[in-house]
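Throughout, protein chains are lettered first and strands after them, A, B, ... in sequence-line order, and every chain is numbered starting at 1. Only heavy atoms go into these numbers, but all of them, side chains included; no hydrogens, no water, no symmetry mates.
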4 protein chains.
Amino acid sequence: MFPMNPVRGASSTAEPIVPFVARRRVEFRDTDAAGIAHFSTFFVWMESAEHELLRQAGVPLVEVVTEPVHGAAGKDDEPPGTYSWPRVSAACDYKSAVRFNDELDIAVGLDSIGRSSVTWTFRFEQAGRWIAQGRVVAVRCLLRPGLAPAAVLIPSSVQQRLEPYRIAARGDPEG
Amino acid sequence: MFPMNPVRGASSTAEPIVPFVARRRVEFRDTDAAGIAHFSTFFVWMESAEHELLRQAGVPLVEVVTEPVHGAAGKDDEPPGTYSWPRVSAACDYKSAVRFNDELDIAVGLDSIGRSSVTWTFRFEQAGRWIAQGRVVAVRCLLRPGLAPAAVLIPSSVQQRLEPYRIAARGDPEG
Amino acid sequence: MFPMNPVRGASSTAEPIVPFVARRRVEFRDTDAAGIAHFSTFFVWMESAEHELLRQAGVPLVEVVTEPVHGAAGKDDEPPGTYSWPRVSAACDYKSAVRFNDELDIAVGLDSIGRSSVTWTFRFEQAGRWIAQGRVVAVRCLLRPGLAPAAVLIPSSVQQRLEPYRIAARGDPEG
Amino acid sequence: MFPMNPVRGASSTAEPIVPFVARRRVEFRDTDAAGIAHFSTFFVWMESAEHELLRQAGVPLVEVVTEPVHGAAGKDDEPPGTYSWPRVSAACDYKSAVRFNDELDIAVGLDSIGRSSVTWTFRFEQAGRWIAQGRVVAVRCLLRPGLAPAAVLIPSSVQQRLEPYRIAARGDPEG
């Protein structure tokens, strides 16, 4: 489903890899007076599909830490507060319009993972028709009342759970 | 406000040009459980600011044509239907979070205009703080029930009304 | 699930009747900065559950009639235009808050049906906990560009398809 | 604007009292594929108008208390947490549809105030045309992570600030 190169080794198969597909129906509130799904709705759908993936992967979207968490050997200590994944970048290209009641397949894959950020790619199809493609960069942050969100390291346990959703073997020099 | 080069001639001034600024307050429904404005809201704000600009420019966002329009010399004929500006691309980079009740300045400028498409750029500030920047490409389309949106030429009268909002003198080879 | 009297005859059973149950998960965009699902979201959920019911019943939510429809014996003629069910009244009482990721059961029933209007009742539960209850009155209307929505008779075929979802045998003197 | 009895004394005037009017334009995202403002949007508008009123009245919508607040003589002590006004009831009757770009006047008044709850009434007009009317009951609550919202007393200072927005002298036996 992705226009990607899934080759990961000499013995690779030609089969495209679709790490995760969420299904969504266009609801009436998703449409606008032009009769089609509003362009902003695709960003809500992307987030929602990402969350489905995170649920499947066992990674909580929002963690409220009331007591300090002490990792083994003092690592992964996390101060109290709310941890979440605010977006630092989001983009979508629209190929075709969808209307009320249309059913969408939303393929999600992990494009890259850095020290604190994750880049997701998305492809929307409806009955085999290419509808849209998107890309979202989320950063793991500590959110505290009255303070700006602060980027924090992605725990290694989270990294391991996300790895299976990677769509291609690519380096990511980001932090 | 824009990181742009407003120089258009030898007699240019060093003053930055801000073609249009819309103001918006973060409403409660714009926020999410992370306590900040949801990232998808910025796309709604961008569209809304673009519409304010179009209103000021005298360009209708949605035109319902029930009878064929015949332009002078047979040009700009438009068949019956609904004309609007579906988006083909939208992107936003987020620099800083905003919360309920924060007031935003949303600067909008015309980045480029082609035969059927318009590219808008946006910059969000809150009390002088850089919040986000975005970019939206809209295409003038004819929308008819049961048919896919069809790109149509931007009438010259519309082009002329949008020209003053251009943020820099740049060529645009697009169609 | 409904606090209703399902008795329809002497041989009635004591089992409560739940005509239709939609399931929904609270998505992140459904929440607000108070950390709970925004109260306006319940109205979107109600509409969405009603639409699921209509789909199951085989009643289209939006009908675009481009040519006049002639019913048998000249009845149910419908002029061209868009037919839909605008709401004339909506209400919701909230008993308990729900948060991101909570799963909701939304029971929908037909409270009454008149000549042009339908009254739906809703009950929201989460893991057996009573969350909210609502009521929506929708009127079948003809929508034409530039004109106010005009109430039209509910075709008898539609009435028959909705009848099984009635939650109690009650008269409805409404038109 | 309200169908109310503003008489508060012998010297009362016959002029209707409109405690507060918010103005809003129907934005494109507020509409749906029926071409009119979605019925759920009116609830967002009601909340937003209520918040404008609260701002004018000097009553914060959300208060994050990190240290216990000690009132004079030990009264109005409020434990740490987030204080807000979740809705327990919301209703709207729709008289007429509005479309993209229509401008709305939203009159808001305080119908009644109890020990912990406030009832607001709303009337929507567009160019003098009656569009809708609504009613919302909000309860002052303490919100703490992982706990259900708990109703708390409305501080007397808040009561005094809301009093001027009362639309009629009525008792309210509520708690």
Side-chain angles (χ1 to χ4, degrees), chain A residues 30-48 50-51 61-64 81-100 102 117 126 129 131-151, chain B residues 30-48 50-51 61-64 81-100 102 117 126 129 131-151:
Chain A
D30 299 331
T31 63
D32 60 36
I36 60 180
H38 193 260
F39 82 109
S40 69
T41 307
F42 286 77
F43 292 94
V44 177
W45 284 331
M46 283 192 252
E47 181 183 57
S48 168
E50 171 197 333
H51 292 175
L61 177 79
V62 180
E63 283 172 280
V64 178
T82 299
Y83 290 83
S84 189
W85 300 88
R87 277 86 247 275
V88 294
S89 178
C92 191
D93 293 320
Y94 307 90
K95 306 298 177 190
S96 197
V98 285
R99 293 167 190 277
F100 173 64
D102 284 348
S117 79
Q126 183 244 339
R129 192 168 55 114
I131 300 301
Q133 63 186 12
R135 188 174 169 281
V136 167
V137 183
V139 173
R140 186 172 169 84
C141 283
L142 171 59
L143 305 168
R144 285 164 297 187
L147 298 176
Chain B
D30 299 329
T31 64
D32 60 36
I36 61 180
H38 192 260
F39 81 109
S40 69
T41 307
F42 287 77
F43 292 94
V44 177
W45 285 330
M46 283 192 251
E47 182 183 56
S48 169
E50 172 198 332
H51 292 175
L61 177 79
V62 180
E63 284 173 281
V64 177
T82 299
Y83 290 83
S84 190
W85 300 86
R87 278 87 246 275
V88 293
S89 178
C92 192
D93 293 320
Y94 307 90
K95 306 298 176 187
S96 197
V98 284
R99 293 167 190 276
F100 173 64
D102 284 348
S117 78
Q126 184 245 337
R129 191 169 54 114
I131 299 301
Q133 63 186 11
R135 188 173 169 281
V136 167
V137 184
V139 173
R140 187 171 169 84
C141 283
L142 171 59
L143 305 168
R144 285 165 298 187
L147 298 176

Let me know if [X] has heavy atoms under 4.5 Å from chain B in its side chain, its backbone, both or neither.
{"X": "A:Arg135", "value": "neither"}
{"X": "A:Arg144", "value": "backbone"}
{"X": "A:Val62", "value": "neither"}

For this session: Check side chain to side chain contact (heavy atoms under 4.5 Å, CB included) between A:Ala90 and all other residues, then give those that pass, not counting sequence neighbours.
Result: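 By the side chain to side chain contact (heavy atoms under 4.5 Å, CB included) rule, A:Ala90 matches A:Phe43, A:Val136, B:Phe39, B:Phe43, B:Tyr94.
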Problem set entry | Gap separating the OG atom of B:Ser40 from the CE atom of A:Met46, nearest 0.5 angstrom |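 These two atoms lie 10.0 Å from each other.
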Problem set entry | For A:Glu47, all residues meeting salt bridge (Lys or Arg N to Asp or Glu O under 4.0 Å), sequence neighbours excluded |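 Expected list: none.
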